[in-house]
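Down below is the structure, laid out as structure tokens.
So you know, we letter chains A, B, ... as the sequences are listed, proteins then strands, and number each from 1. All values derive from a computational prediction rather than experimental measurement.
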Amino acid sequence: MSNNESAAPLDFIRTRVAEDLKTGKYGGRVHTRFPPEPNGYLHIGHAKSICLNFGIARENEGGLCNLRFDDTNPTKEEQEYVDSIKQDVRWLGFDWGDREYYASDYFDQIYKWAVQMIEGGKAYVCDLDAEQTREYRGTLKEPGKNSPYRDRSVEENLELFEKMRAGEFPNGARTLRAKIDMAHPNLNMRDPVMYRILHASHHRSGDKWCIYPMYDFTHGQSDSIEGITHSICTLEFENHRPLYDWYLETLGIYRPQQIEFARLNLTYTVMSKRKLLTLVQEKLVDGWDDPRMPTISGLRRRGYTPEAIRAFCERIGVAKFNSTVDLGLLEFCVREDLNRRAPRVMAVLKPLKVVIENYPAGQVEELEAVNNPEDPNAGTRKIPFSKVLYIESDDFMEDPPKKYFRLAPDREVRLRYGYFITCTDVVKDAGGEIVELRCTYDPETRGGNAPDGRKVKSTIHWVSADHAVDAEVRLYETLFCVEDPDEGDDFRTHLNPQSLEVVSGCKLEPCLAHPQTELPYQFERLGYFVADSKDSRPKKPVFNRTVTLRDTWAKIQKQEAGNAG
RNA sequence: UGGGGAAUGGUGUAAUCGGUAGCACGACUGACUCUGGAUCAGUUAGUUGGGGUUCAAGUCCCUGUUCCCCAGCCA
């Protein structure tokens, strides 16, 4: 509304909505809908559509967006999916008010419209089976042939259709088809099936019906009933728009405008519901909400926030070009969000014992630590310091390379919010493995500053051994090890064997004994982590790594390795 | 010539009537730093090819090329 914000450029859909608003095409209304089929869980691609549809409604005064379940295929749809979809849309931050609709609620009206089409000579009952129907349809380059049942009388069609509805025929025996043009260059217009026989119980309408309308004969009418102004869908429905328009015009009812945009593709990710279902059914992942899944529930369990996902959807834009967004952008969006809100804590994933030789045994000091340097209001907390500590084993190297700044023999580093320590000795087991470090500390550097002003190259995190909480931490990598898992015969061959690393025996600072779920933390220098909503227990916390911090050291290592090779 | 769409740096996306090709991510420099984080400053790099119109073309015209979607009684 305000003019001072230099109007961000609108995408082509919003531009169109704005034009329609200006010309009064729909009487100044803006009414969209998000129409999922409840046959799977929502994923990040749906989030794009949700943000688009609900976003457009929200941005325009009086704008509305309905949640409508496109539930015309009882063989694939389940109540569980309905429930998860509602939860996910709500979690993403959108509200459909009391406008929760189901295409199945329109079945009576849609049936009447089918009868109206028959009466108008625009539809007929066809006895061809599925295979014959395909043969009669022709090919991409050759026209189809008329069905031998195309010219049945209105009376006969009415009677047969009624018998279909009454359950007198088995599955697949007959269909109701629109009478359009078997030679039409758009195959969707070659007498498309309007109704098929499906003796299946529907998750909402139960056994009331044994014939179900097809998507094309349902979606437009549903939009029409709800008074949708802009029916936004993905590119693959572009070929269906002529049919969408044809049905509504033939029925003589209100016609919304269908607009298509490109669906989201993400690197290292599969997005089709079919493939996600396969992963779940074959137990290649832990379920729809496995933190490696691109599902909304998976991202939530992983520690992504609705804010981050919405920011992502804004950044990727909306267009008709079939593009693939870099996963890095999604990660950037979580880091950006979590950086300003996540409380910092110290956690040691792979502990290495450190004994401070000149520190009094039995002494415990409470040191003050900042909760979030990005947020002054987050305050501070006390963390215990004592003679025996754990540090990250990656933070010590006996023979460090040039650019390694962390602890090494005879080198001094700072323990965050603690003291400067110097490594004096390395203790190894019989196998030569480093099991313990002996260090000295400088009492003058309490809190982390040296009165003499001397500097250290590095600050590392630590946890007091006696006070530490044991935890399991799950480290995730991409589910697939190639950018485009859809390439090739079987996407499963591209699964990343290292997509999950379970680390047990992690040591956390005391305040993490009872973490809140869905409250993201930053484990300093490591990344963002959230308690697992299913497996975490008080005093036995389980954390999921949402995303690592940007890691310059890892980058240097990779470069050095590359140069060496 | 089956029909329908689409092409802008490495990636995603802007550019009003034809008028300085912009933003973001990434990458790379440097500054700063009690997180090798964050932040700040800067650099890099683009209009699918070929013609044409024009003072001026990503935008208009012609002509190629490439990619995506469609032959479910799925959505």
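- With distances taken from any side-chain atom of A:R137 to the nucleotides B:G37, B:U13, B:A71, the minimum falls on B:A71.
- Donor-acceptor pairing under 3.5 Å is lacking for the side chains of A:N372 and A:E374.
- No contact: A:L235 has no heavy atom under 4.0 Å from any strand.
- For B:G4, neither phosphate oxygen OP1 nor OP2 lies less than 4.0 angstrom from any side-chain nitrogen or oxygen of A:R241.
- Of the listed nucleotides (B:C74, B:U35, B:G36), B:G36 has the atom at the smallest distance from the side chain of A:I556.
- Contact annotation: A:T552 side-chain N/O to B:G37 OP1/OP2 distance is under 4.0 Å.
- Checked against a 6.0 Å centroid threshold, the rings of A:F237 and A:Y244 do not count as neighbours.
- Between B:U13 and B:U8, the two P atoms lie 8 Å apart (nearest whole Å).
- Within the 6.0 Å centre-distance limit, the rings of A:Y102 and A:F69 are counted as a close aromatic pair.
- A:R525 has a side-chain polar atom (N or O) that falls below the 4.0 Å cut-off from OP1 or OP2 of B:G36.
- Atom CZ of A:R545 and atom P of B:G37 are 16 Å apart (whole Å).
- In this structure, A:Y212 reaches neither bases nor backbone, as no heavy-atom distance under 4.0 Å exists between it and the strands shown.
- Considering only side-chain N and O atoms, A:T72 lies under 4.0 angstrom from the phosphate OP1 or OP2 of B:A75.
- For the pair A:M194 CE and B:A75 P, the interatomic distance rounds to 14 Å; values are reported in whole Å.
- Taking the side chain of A:F332 as heavy atoms from C-beta on, and the options B:A75, B:C73, B:G26, the nearest nucleotide is B:G26.
- Candidate nucleotides B:G2, B:G36, B:A75 were compared by shortest atom distance to the side chain of A:K403, and B:G36 ranks first.
- Using a 4.0 Å heavy-atom distance criterion, A:R340 is classed as making no nucleic acid contact.
- With distances taken from any side-chain atom of A:K141 to the nucleotides B:A71, B:G12, B:G2, the minimum falls on B:G2.
- Separation of the C1' atoms belonging to B:G37 and B:C32 is 13 Å when rounded to the nearest angstrom.
- A:R414 comes within contact range of at least one nucleobase, with a heavy-atom separation under 4.0 Å.
- Among the protein residues, A:I316 comes within range of the sugar-phosphate backbone only, with heavy atoms under 4.0 Å from sugar or phosphate atoms but none that close to a base.
- Closest to the side chain of A:M214, from the set B:G36, B:C74, B:U35, is B:C74.
- A:P143 comes within 4.0 angstrom of nothing in the nucleic acid, heavy atoms only.
- Atom P of nucleotide B:C68 and atom CG of A:D486 are separated by 12 Å, given to the nearest angstrom.
- Using a 4.0 Å heavy-atom distance criterion, A:T324 is classed as a sugar-phosphate-only contact.
- Salt bridge A:K350/A:E392: absent, no basic N to carboxylate O contact under 4.0 Å.
- Side-chain to base pairing of A:E374 with B:G37: one donor and one acceptor N or O lie within less than 3.5 Å of each other.
- The phosphate of B:C74 (OP1 or OP2) has no side-chain N or O of A:K273 nearer than 4.0 angstrom.
- If you take CG of A:L140 and P of B:C69, they are 12 Å apart, rounded to a whole angstrom.
- Across the interface with RNA chain B, nearest-nucleotide mapping of A:Q559 and A:N73 shows A:Q559 to be the residue nearer the 5′ end.
- For B:A75, the OP1/OP2 oxygens have a side-chain nitrogen or oxygen of A:R196 closer than 4.0 Å.
- Here the C1' atom of nucleotide B:G36 and the CE atom of A:M397 are 14 Å apart, to the nearest Å.
- In this structure B:C68 sits in the anti conformation; its chi angle is more than 90° from 0.
- Both A:F321 and A:N372 sit near RNA chain B, but only A:F321 has its closest nucleotide nearer the 5' end.
- Distances shorter than 4.0 Å separate none of the side-chain N or O atoms of A:K320 from OP1 or OP2 on B:C69.
- Across all strands, A:R315 comes closer than 4.0 Å only to sugar-phosphate atoms, never to a base (heavy-atom distances).
- Across B:C73, B:G36, B:G2, the shortest atom-to-atom separation from the side chain of A:R406 is found for B:G36.
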Residues A:R341, A:E307; criterion salt bridge (charged side-chain N to carboxylate O under 4.0 Å, His left out); working and verdict
CA-CA 11 Å; A:R341 65 202 295 188; A:E307 290 83 355; 3.1 Å; yes
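- When both distances must be under 3.5 Å, the Watson-Crick or G-U wobble mate of B:A56 does not exist.
- One can place OH of A:Y195 at 18 Å from C1' of B:G72, the figure rounded to the nearest angstrom.
- The side chain of A:K76 sits closest to B:C74 out of B:A75, B:A71, B:C74.
- Within 4.0 Å (heavy atoms only), A:L338 reaches no atom of the nucleic acid at all.
- Distances from the side chain of A:N239 to the nucleotides B:C74, B:C69, B:G36 place B:C69 closest.
- In this structure, A:Y215 forms no aromatic stack with the base of B:A75, since the conditions of centre separation below 5.5 Å and plane angle below 30° are not both met.
- A donor and an acceptor atom, one from each side chain of A:N186 and A:N239, are nowhere located under 3.5 Å apart.
- Comparing the same atom, P, in B:A75 and in B:C60 gives a spacing of 38 Å after rounding to whole Å.
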Kindly determine whether A:R165 and A:E162 satisfy salt bridge (charged side-chain N to carboxylate O under 4.0 Å, His left out), including the steps that lead there.
CA-CA 5 Å; A:R165 191 198 60 77; A:E162 168 54 27; 2.8 Å; yes
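- The residue A:V456 sits apart from the nucleic acid: no heavy atom pair falls under 4.0 Å.
- B:C17 sits 16 Å from B:G58 when the C1' atoms are compared, rounded to a whole Å.
- Of all nucleotides listed (B:U13, B:A14, B:C73), B:U13 comes nearest to the side chain of A:S323.
- Going from atom CG of A:D216 over to atom P of B:A75 covers 8 Å, rounded to whole Å.
- B:A45 sits 14 Å from B:C25 when the C1' atoms are compared, rounded to a whole Å.
- At whole-Å resolution of the value, CZ in A:F34 and C1' in B:A75 are 12 Å apart.
- Of the inter-residue distances, the one linking A:I316 atom CD1 with A:D326 atom CG reads 12.5 Å to the nearest 0.5 angstrom.
- The residues A:D442 and A:R454 are annotated as salt-bridged, a charged nitrogen and a carboxylate oxygen being separated by less than 4.0 angstrom.
- Nucleotides B:G52 and B:G9 are separated by 28 Å at their C1' atoms, to the nearest Å.
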